[in-house]
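The structure under discussion appears below in the form of C-alpha cells.
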Amino acid sequence: MEDASVDRIQSLQQSIPEWVHIGLRLVLVALVAKPALSKFVTHENSVSFFDAVGIPAPQLMVIIAGIIEVGAVFLLLAGVGKRLAAVSLIPVMLVAILYVGPDWKNLSVLFGALAFLVLKTDVGAVWQPADRLLG
C-alpha cells in the first residue's frame with residue numbers, strides 16, 4: 001500500500017514541467033531580493049522595525065535574516081542549492097509570520113519554499129534548454 005503511494009508521488013513529481021521549477025525560483029527571487037537587500041541598505045530602519053515588532057536582539061537578527069535571504073537569492077538565481085535555499089527561507093518566513101503577521105508575500109515565500117522540498121528537480125535538466133540554445 002505504501003509503495004503504491006510513493007510511486008504515485010514520484011510519478012507526479014516527474015510529470016511537472018521544468019518551466020514550473022524555473023518560474024517558482026524566479027518568483028521566490030522577486031519576493032525575497034528587495035527585503036533581503038534592504039536589511040543592509042537601510043540597516044538602521046530594519047533594526048528599528050525588528051525592535052518595534054518585538055524581535056529579540058534586533059541588531060543581530062537583521063544581519064542573520066539578511067545573510068540568509070541574500071544567500072537564498074544567490075542560490076536560487078544560480079539554480080544550485082535550491083533545497084538549501086528553501087530550507088533556509090522557511091524559518092525566516094515563520095518568524096516574519098509570527099511577529100509581523102501573515103501577508104501574501106511571506107505566505108507566498110513560505111509555500112514556495114515548501115514546494116521546493118516536495119518537487120523533485122534535476123539540476124542538469126535546468127541547463128539542457130540553455131545548452132541547446134547555445135549550440
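On a predicted model such as this, the values are computed, not experimentally measured, just so you know.
Nearest heavy-atom pair, R25 versus L77, reported as atom, atom and distance to 0.1 Å: NH2-O, 3.7 Å. Contact between F116 and K82 at its shortest, heavy atoms only, is CE2-CD, 3.7 Å. Residue A86 comes nearest to A113 through the heavy atom pair CB-O, 3.3 Å, listed as atom of the first residue, atom of the second, then distance. Annotation for S88 and A72: closest pair OG-CB, 4.0 Å, computed over non-hydrogen atoms.
The hydrophobic clustering, which links ILVMFWY residues whose side-chain heavy atoms are closer than 4.5 Å, places V80 and F74 apart. Residue F50 is grouped with residue V95 when hydrophobic side chains (ILVMFWY) are merged at heavy-atom distances under 4.5 angstrom, including chains of intermediate members. Grouping the Ile, Leu, Val, Met, Phe, Trp and Tyr side chains by contacts below 4.5 angstrom, directly or via other members, places V92 with I64. Taking hydrophobic clusters as Ile, Leu, Val, Met, Phe, Trp and Tyr residues chained together by side-chain heavy-atom distances below 4.5 Å, L76 shares a cluster with I68.
With values rounded to the nearest 0.5 angstrom, L28 atom CG is found 12.0 Å from L75 atom CG. The structure places CG of N106 at 10.0 Å from CG of L98, a figure rounded to the nearest 0.5 Å. The OH atom of Y99 sits 12.0 Å away from the CG atom of L94 when rounded to the nearest 0.5 Å. Taken from CG in L31 to CG in L26, the straight-line distance is 11.0 Å, to the nearest 0.5 Å. Here the straight-line distance linking atom CE of M93 with atom CG of L114 works out to 11.5 Å at 0.5 Å rounding. Put simply, CG on D103 and CG on L107 are 6.5 Å apart, with the number rounded to the nearest 0.5 Å.
You'll find the side chain of V62 stays beyond 4.5 Å of the side chain of F49, heavy atoms only. Counting only heavy atoms from C-beta outward, the side chains of I90 and L117 approach each other to under 4.5 Å. Side-chain atoms of F40 and V70, non-hydrogen and from C-beta on, do get closer than 4.5 Å to each other.
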Requested in this report: Report the C-alpha separation of K39 and I67 in whole Å, then their side-chain angles, then the decisive distance to 0.1 Å, and conclude whether the side-chain contact (heavy atoms from CB on, under 4.5 Å) test is met.
Outcome: CA-CA 9 Å; K39 288 179 176 65; I67 290 171; over 6 Å; no

